[in-house]
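Here the structure is laid out as structure tokens; the discussion comes afterwards.
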Amino acid sequence: MALFGSSKKTPAIKKVRPTVVRTQNVAKELFKIAKSYEMEPELLDFNLLDVQTYTRLISEENRETEWEEISKEESQNFHDESLLLNPFFQIKQTYEIEVFSKKASKDDHYSNLKLAVGANATKCKVYLSIAQGSKVDYVPHFEQDLIDMINRKKIRAGILVYMFDAMVEGVASKISARVRIAEKLEFEQSETHLIAEAYEPTVTRNDELILHYEDSKEVEENERVDYASRGFIQSVQKGQLLIEYVKAKMGKPGRNCRGEYMEPKEPIVAHEPNFKVSENIKVVEDEDSIKYYANENGYIAFEDNTYVIKKEVDVDAISFKTTGSIDSGVDSEVNITVKETDAIKDAVGSGMTVEVTEIEIDGNVGSNAKVVAKKASIGGQTHKAATVIADELEINVHKGKAYGKNIHITRLEHGQVEGEVVEVAQAIGGIIRAKEVEIGICASHVKATASNTIEIKKMLGSENVFTIDPLLSRDIQNSVEDNEEQIKELELRIRELKKEIEKYTSLIKNGTKVFLEIKKRLLHYQKNNVKMPESFVKKYKQFQNMQQRLKELKDEYTLKQEKLNLLTTRTASFQDNIMDARIINRDKWIGYNEIKFRLVDPPIELVYKPLEGSSEKVFGLVELNDGEYAIRPVAEEG
């Protein structure tokens, strides 16, 4: 908000003979008089003797018409919007003022009251500002003096008085009331009050074409910019706003507190749509805009001056130099085929991230690359630092990390695999974790862990470890940990409840005789309409409260005990299926290998080492005695 005033240092004061002038521009007149006395305009002040307000409506042919004077009351109540917003309507004011030298600070009663008048950019709103630390003593005519000070500052700034400023008197009245009550008022904080408001114009709107599908995530101040993600594919969701054409709109005129008519600019039209859209893009038009919505999932493309939504895309390779990372989301219904098959090149380059619904990679996945999809196939090999995640996943040669539901790997070379059902045609070292694991040819240094079944078709190596672990799933591991924590808490609470129940049972048992006697006497008092002694009533209620508390403790004990039984049963259920779990080797055992079964309750790990050359095929867990288990060769069924 601009402030009308000056912060220049006040020079020595010269005396100016009081002069009465009539003018339409007070600031200009003060400057002229100051110049004639060779002094600064800020050293002059004036009294407002009279204000004359004139209006006229000129003809459209721009012929001059006579000005008509309106009274102060008429100007204060002038609210004819149709006239005020008419470009041919004009307003002017003439001021009769008495100009004189400013008083010295010691002679000025209001020298410590720092007022300023300011306006917004359009001059349609005018404000009175009172500086923090301003001080003023109350005098009987303070309210009128304040109005005069406001009007003089408005006139200096070329702001009309008695027009658009009906709130001035109310503002002055409230401030005056505060000063009158305080007698000596200091403004502890700066204050701003609206003292005039005219007609704010509505800004003209130029047309605009907004490509919403290109909107990128805002980067936080300290967030690292991912230069590898360049939006090669702009994925879209059904119902998403893709493009919006905002139509040009002529603004509305206004009139400011200087009486000036404010005409809006003509709108600029430069972005009208000249493109077409396919049938899978919906167009919605109203008086303000044209909006283009996606009618299905996919990615948006611009071909032959037409926007279309597609699902299939073929690329030679995904790399920093070509496409950058591609993040369409697994639910986008975008399917990508990556055609690079050169064994010494990467189809998905180093550090790239790809997230789509389906992806078919003919070649290799490079170091630190990450592929995420619902369905993925990799015809080449994965680098040891690559990660692939997909519900349905096929990999030719795997050295990195793979996660999914149904996973098939032709050759595992010291990579890691975690899923629900994992099939590995040939395993040359590596870690496998799944509900069910099937290995066609097992070489050496393979660690396979399953919750249900591990089956090896042909054994060609040693130093392998095959483990049955019912807590293989991270979710189940977390559930067991939560379960055990809850059991500990419940057992502690049940012990506390037992002690409290015993305490209250003893108190009630010892006090029952007295209670029955008090109850009998209270009934006697009640029957004979005699006021019951306060001490009797108090003891009676105390005993009732103890009975109620004992009932609550017993109810809580029952609930906690039931929950403990449920959780204890649940803990045992986590390993129910371990007795049905099997490790199967269809071939003979070669070299040193280990079979392990991990129990939940008791938490022990059993180890069995098949003898080299042994043809024992199926291994399971058997219970020897109550609570004692061992790994033994078993029949394949049951």
Side-chain angles (χ1 to χ4, degrees), residues 1-5 24-27 48 50-57 68-95 113-132 134 142-179 187 189-205 249-265:
M1 179 178 74
L3 295 180
F4 306 111
Q24 291 181 20
N25 191 327
V26 171
L48 182 60
D50 188 28
V51 178
Q52 290 177 307
T53 303
Y54 300 90
T55 65
R56 70 175 178 180
L57 187 63
E68 294 183 7
E69 184 178 357
I70 61 174
S71 67
K72 175 183 175 181
E73 290 74 20
E74 287 175 313
S75 61
Q76 286 177 325
N77 296 301
F78 202 100
H79 304 301
D80 189 339
E81 186 173 334
S82 62
L83 197 56
L84 287 166
L85 297 182
N86 186 329
F88 301 102
F89 181 71
Q90 295 179 339
I91 307 170
K92 73 175 183 179
Q93 285 186 336
T94 299
Y95 310 101
L113 180 59
K114 308 300 180 184
L115 304 178
V117 167
N120 66 351
T122 60
K123 306 295 187 293
C124 289
K125 286 185 172 69
V126 181
Y127 300 90
L128 170 69
S129 294
I130 305 174
Q132 183 181 13
S134 290
F142 172 75
E143 184 174 334
Q144 186 57 50
D145 287 350
L146 180 58
I147 292 173
D148 290 343
M149 284 187 277
I150 292 170
N151 285 339
R152 290 201 300 273
K153 288 183 179 294
K154 285 175 63 183
I155 290 170
R156 274 182 181 267
I159 303 294
L160 299 175
V161 293
Y162 309 138
M163 290 204 73
F164 315 121
D165 62 356
M167 61 280 284
V168 166
E169 291 184 359
V171 170
S173 176
K174 288 179 181 178
I175 295 172
S176 177
R178 289 163 59 193
V179 176
F187 293 83
Q189 295 179 334
S190 59
E191 296 183 7
T192 302
H193 302 274
L194 180 67
I195 57 171
E197 184 174 15
Y199 292 84
E200 193 79 55
T202 302
V203 179
T204 291
R205 183 179 69 203
K249 193 170 186 179
M250 185 71 176
K252 292 182 180 179
R255 191 175 292 271
N256 65 24
C257 293
R258 287 180 168 175
E260 299 165 335
Y261 176 76
M262 307 182 75
E263 186 171 1
K265 294 179 181 179

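These values consider heavy atoms only, across backbone and side chains, with no hydrogens, waters or symmetry-generated copies.
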Does anything in residues 77-88 pair up under side-chain hydrogen bond (donor to acceptor under 3.5 Å, both in side chains), and if so which pairs, sequence neighbours excluded? D80-S82
With R56, which residues qualify under side chain to side chain contact (heavy atoms under 4.5 Å, CB included), at least two apart? I58, E64, T65, W67, Q90
Residue list, side chain to side chain contact (heavy atoms under 4.5 Å, CB included) with P87, at least two apart or on another chain: Y261
For E143, check salt bridge (charged side-chain N to carboxylate O under 4.0 Å, His left out) against everything at least two apart and list the hits. none
Quick one: does any side-chain atom of R156 pair with a main-chain N or O of A27 as donor and acceptor, under 3.5 Å? no
Suppose we screen for side chain to side chain contact (heavy atoms under 4.5 Å, CB included). Which residues come up paired with E73, at least two apart in sequence or across chains? S71
Side chains of P264 and P201, heavy atoms from C-beta outward: is any pair under 4.5 Å? no
The criterion is ring pair (Phe, Tyr, Trp, His ring centres under 6.0 Å); which residues satisfy it with F89, sequence neighbours excluded? F78
What residues form a salt bridge (charged side-chain N to carboxylate O under 4.0 Å, His left out) with K265, not counting sequence neighbours? none
Under the side-chain hydrogen bond (donor to acceptor under 3.5 Å, both in side chains) rule, collect the residues that match up with T122, sequence neighbours excluded. N120, E200
I'd like to check the side-chain hydrogen bond (donor to acceptor under 3.5 Å, both in side chains) partners of Y95; sequence neighbours left out, ordered by chain and number. Q93
Sorted by chain and number, sequence neighbours left out, side-chain hydrogen bond (donor to acceptor under 3.5 Å, both in side chains) with Q144 holds for D148
Counting C-beta onward and ignoring hydrogens, is there a side-chain heavy-atom pair between K72 and V51 closer than 4.5 Å? no
Taking only residues two or more places apart in sequence or in another chain, which ones pass side chain to side chain contact (heavy atoms under 4.5 Å, CB included) with Q52? R22, D50, Y54, E69, T94
Any pair counted as salt bridge (Lys or Arg N to Asp or Glu O under 4.0 Å), so long as it reaches residues 158-178, sequence neighbours left out: K154-D165, R178-E191
